[in-house]
*Asks:* 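Handing you a structure now.
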Number of protein chains: 4
Amino acid sequence: MPRGGRPREERVDAAILSATRDLLAEGGYAGLTVAAVAARAGIGKAAIYRRHATKQEMVFAAAVHGLDLEPPPDQGSLRAELGWLTGVIAETLSGPAVAGALGGLLTDMNDDAVVSRMRETFVAHQRTHVIAVLDRAVTRGELAARPDPAVVHALLLGPIFAWLFVLREPGDVRGFAEALAGMAAAALTGG
Amino acid sequence: MPRGGRPREERVDAAILSATRDLLAEGGYAGLTVAAVAARAGIGKAAIYRRHATKQEMVFAAAVHGLDLEPPPDQGSLRAELGWLTGVIAETLSGPAVAGALGGLLTDMNDDAVVSRMRETFVAHQRTHVIAVLDRAVTRGELAARPDPAVVHALLLGPIFAWLFVLREPGDVRGFAEALAGMAAAALTGG
Amino acid sequence: MPRGGRPREERVDAAILSATRDLLAEGGYAGLTVAAVAARAGIGKAAIYRRHATKQEMVFAAAVHGLDLEPPPDQGSLRAELGWLTGVIAETLSGPAVAGALGGLLTDMNDDAVVSRMRETFVAHQRTHVIAVLDRAVTRGELAARPDPAVVHALLLGPIFAWLFVLREPGDVRGFAEALAGMAAAALTGG
Amino acid sequence: MPRGGRPREERVDAAILSATRDLLAEGGYAGLTVAAVAARAGIGKAAIYRRHATKQEMVFAAAVHGLDLEPPPDQGSLRAELGWLTGVIAETLSGPAVAGALGGLLTDMNDDAVVSRMRETFVAHQRTHVIAVLDRAVTRGELAARPDPAVVHALLLGPIFAWLFVLREPGDVRGFAEALAGMAAAALTGG
DNA sequence: GTGTAACCGAGACGGTACGTCCTGTCTTGCC
DNA sequence: GGCAAGACAGGACGTACCGTCTCGGTTACAC
């Protein structure tokens with residue numbers, strides 16, 4: 001499509017995302033200004049809006065993008081694979097940028113197109129891995145039938161989310177994630 | 001201390017909270033204006049700021065206040081009591097005002113005093129009931145020892161929260177809450 | 001008219017006017033608030049509005065009222081009487097309360113009833129004395145016919161007003177008033 | 001210093017001042033709203049505050065700016081030149097925008113920087129012309145020595161100011177200005 | 001080479017919400 | 001009924017931010 005013109009500088013893309021992550025960690029979603037991101041990145045506001053339609057999209061790109069989990073390796077048992085999943089989710093959500101951004105994204109996502117992007121990227125990606133783990137458990141014979149992946153996803157993601165953002169328990173997230181995996185395995189096999 | 005002066009009108013308190021809930025349900029947290037609340041309530045902005053230091057505090061008061069759950073009646077079994085708890089939580093979170101407000105509150109709650117209020121009111125209240133249910137299960141002999149209430153709270157609240165606000169599954173929340181109770185019971189007794 | 005009830009306390013009347021004059025001298029008309037007057041006077045706002053319909057009326061009463069000049073004694077010559085007039089006007093206008101209030105009163109007086117009160121009290125009173133002085137000069141034979149009193153009034157009041165409020169010359173007002181009287185006498189007799 | 005950035009649009013400067021003058025003429029200083037100026041000018045409030053620090057500065061710029069008198073031509077006699085000066089001053093002060101603004105400016109000018117601007121622009125400009133006229137009169141031999149320009153300035157400006165804003169005489173301002181010039185000439189030469 | 005088109009930093013633009021302040025009225029309980 | 005205290009409706013102020021647009025100038029690809 002673009003027949004001519006100067007190509008975009010990758011340096012600018014990176015500077016935007018980096019500055020956004022910095023400022024998210026410093027002041028959270030509220031208190032994040034597009035002008036501040038531009039200033040911190042040493043660029044102009046137009047360069048941001050050339051890449052991200054709204055502030056939300058920019059934050060989404062900075063905080064959520066690149067959270068792609070590598071496909072989960074077969075760990076030999078449902079219990080171990082759930083532990084791997086909850087561990088990855090906990091690691092994903094506990095970064096400073098994500099911590100600052102997620103609440104804000106949920107806010108402004110009421111009507112926007114950001115919500116669908118969020119679902120497509122963040123949710124769908126994790127969902128794929130949940131399905132893979134469940135299917136392997138069925139193959140192994142640990143589960144008689146594959147449960148609803150959405151339910152299992154909520155069961156894994158939800159407690160970690162609540163732990164971090166609603167209850168804000170100061171304790172160790174990794175330990176909680178591990179305990180959660182045990183309880184989830186018991187619920188799925190014993191329930 | 002204030003010995004004289006005109007007392008505040010309860011009518012105004014109620015009108016503020018009612019208008020806030022209406023507008024939250026209509027347009028969500030974003031799109032909620034203090035001026036619009038004042039206009040809808042038929043009052044002046046000063047009357048709002050006399051009661052709530054910021055917009056966030058007002059929304060918190062409107063959406064979270066009055067979510068007091070009545071103490072959970074003894075349902076005879078852990079499974080039944082967990083069903084009662086998840087049902088109440090699901091009902092609490094799925095109201096239109098809460099739905100519109102919670103994300104917004106999480107956003108602006110990074111540094112504010114709102115976060116502590118949230119914890120004291122919303123979280124602590126539910127926690128009390130969680131503890132009561134667990135203690136009764138121990139008395140009944142369904143549980144050998146009382147698990148960490150914070151963990152159980154996260155296990156119950158988290159999936160519902162995720163279901164509603166992160167995954168945004170369109171399906172029946174009550175059904176999900178009931179299934180969640182079954183899985184939680186299995187996890188606690190069988191794990 | 002007042003058939004029953006507690007009579008107004010004169011103490012309050014005085015406290016209002018005194019506090020108003022103090023605050024006018026301190027912060028000028030802008031920066032004067034009714035609440036501040038009430039606080040300074042140790043009274044309530046209602047007590048002010050029971051006596052003065054608007055803030056402007058209160059300021060008017062505090063700054064302009066009581067500026068009644070005693071009738072000008074016959075000084076023996078037009079020149080001396082003009083000196084007496086300009087001296088009194090200068091003294092009247094150079095008080096700290098008047099200085100702070102006059103500009104503000106001129107502002108808000110565009111549509112109000114304050115303007116007519118201003119004219120009736122402040123202007124008409126001075127005008128009477130101008131007329132008396134001019135008539136005596138005619139009787140003495142210093143003037144062939146009585147000039148338009150409004151013109152003479154403007155000729156005497158205007159330069160002092162400008163000196164104080166527009167040009168804001170730091171110099172001695174009394175000296176200027178005296179020089180003005182001399183020039184006015186020359187203009188009236190020699191013109 | 002500002003090497004880059006979008007330059008300010010002169011159209012906006014002009015629209016602000018024009019709208020301010022219109023609204024001053026319509027509703028006076030009281031009743032003038034920054035928001036109303038912005039709406040009338042078809043611009044945003046920020047564009048106003050980028051140019052004028054306060055509402056007062058904006059009004060000052062709109063009402064007082066551009067009142068530059070052209071240098072007074074030699075009219076051949078002190079009497080004629082004073083008539084020219086008083087005529088210009090009367091014309092300047094009797095415009096609708098100035099009429100609405102001046103009182104308001106005097107009000108808020110008690111502590112502000114507006115007062116110095118006023119002096120530098122409005123007062124100093126007229127003073128220059130007063131000095132020129134007096135010097136020519138000395139050269140012509142009409143005056144033995146140059147009187148204090150501040151005194152003469154007050155003598156010319158003051159009565160017109162009082163006539164318009166304090167006494168609010170409904171009569172012809174131009175006629176009064178002409179009469180004033182005659183009296184001033186008599187005072188200066190005969191006194 | 002030389003166009004041309006899109007890029008770049010900087011910052012002004014229209015619009016809108018915020019939280020503060022002030023006015024003039026009203027409402028308590030006390031005197 | 002007056003009084004101190006202070007809440008009430010309404011509305012302007014000045015600040016801050018968003019997403020768009022406009023400058024002067026730069027940089028790569030196509031001709």
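Chain A is the first sequence line, chain B the second, and so forth, proteins listed ahead of strands; every chain is numbered from 1. Side-chain atoms are counted along with the backbone in the values below, which use heavy atoms only and exclude waters and symmetry mates.
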*Asks:* What's the verdict on salt bridge (charged side-chain N to carboxylate O under 4.0 Å, His left out) for D/Asp13 and D/Arg51, showing C-alpha distance, side-chain angles and the deciding distance?
*Replies:* CA-CA 8 Å; D/Asp13 294 71; D/Arg51 290 164 170 79; 3.0 Å; yes
*Asks:* Which letters describe nucleotides 14-21 of chain E, given B = protein heavy atom under 4.0 Å from base, S = only from sugar-phosphate, - = neither?
*Replies:* SB-BSBB-
*Asks:* Once you round it to whole Å, what is the distance between C1' of F/dC3 and CD1 of C/Ile16?
*Replies:*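 Whole-Å distance recorded here is 11 Å.
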*Asks:* Quick one: do the D/Gln56 and D/Tyr29 side chains pair a donor with an acceptor below 3.5 Å?
*Replies:*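 There is such a pair (donor and acceptor under 3.5 Å, judged by atom type) between the side chains of D/Gln56 and D/Tyr29.
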*Asks:* Would you say D/Arg51 reaches E/dC13's phosphate, i.e. side-chain N/O to OP1/OP2 under 4.0 Å?
*Replies:*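 For D/Arg51, the contact criterion (side-chain N or O under 4.0 Å from OP1 or OP2 of E/dC13) is met.
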*Asks:* Roughly, in whole Å, what's the span from CD in A/Glu9 to C1' in E/dC7?
*Replies:*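 Atom CD in A/Glu9 sits about 8 Å away from atom C1' in E/dC7.
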*Asks:* Could you check how far CD1 of B/Ile48 sits from P of F/dA9, rounded to whole Å?
*Replies:*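 It is 9 Å, rounded to the nearest whole Å.
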*Asks:* The test is side chain to side chain contact (heavy atoms under 4.5 Å, CB included); show your working for A/Ile16 and A/His52 and say whether it passes.
*Replies:* CA-CA 10 Å; A/Ile16 291 171; A/His52 309 284; 4.1 Å; yes
*Asks:* Rounding to an integer number of Å, can you tell me how far D/Asp13 CG sits from E/dC13 C1'?
*Replies:*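 Taking atom C1' of E/dC13 as the reference, CG of D/Asp13 is at 12 Å.
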*Asks:* Answer yes when C/Arg40 and C/Glu26 have at least one side-chain N-carboxylate O distance shorter than 4.0 Å, and no when they do not.
*Replies:*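 A salt bridge is present here (some side-chain N lies under 4.0 Å from a carboxylate O).
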*Asks:* Supply the atom-to-atom distance B/Leu23 CG to B/Thr33 OG1, rounded to the nearest 0.5 angstrom.
*Replies:*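 Rounded to the nearest 0.5 Å, the CG-OG1 separation comes out at 8.0 Å.
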*Asks:* To the nearest Å, give me how far apart NE2 (C/His52) and C1' (E/dT25) are.
*Replies:*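 That distance rounds to 17 Å.
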*Asks:* Output the rounded distance in Å from CZ (A/Arg8) to C1' (F/dC29).
*Replies:*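 A/Arg8 atom CZ is separated from F/dC29 atom C1' by 17 Å.
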*Asks:* In whole angstrom, what separates A/Met58's CE from F/dC17's C1'?
*Replies:*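 A/Met58 atom CE is separated from F/dC17 atom C1' by 12 Å.
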*Asks:* Should the side chain of D/Arg6 and the base of F/dC21 be counted as holding a donor-acceptor pair, with the cut-off at 3.5 Å?
*Replies:*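 Answer is yes: a donor-acceptor pair is held.
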*Asks:* Keeping A/Lys55 on the side-chain end and A/Leu32 on the backbone end, is there a donor-acceptor pair under 3.5 Å?
*Replies:*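 Yes; judged by distance alone, with no hydrogens or angles, the pair exists.
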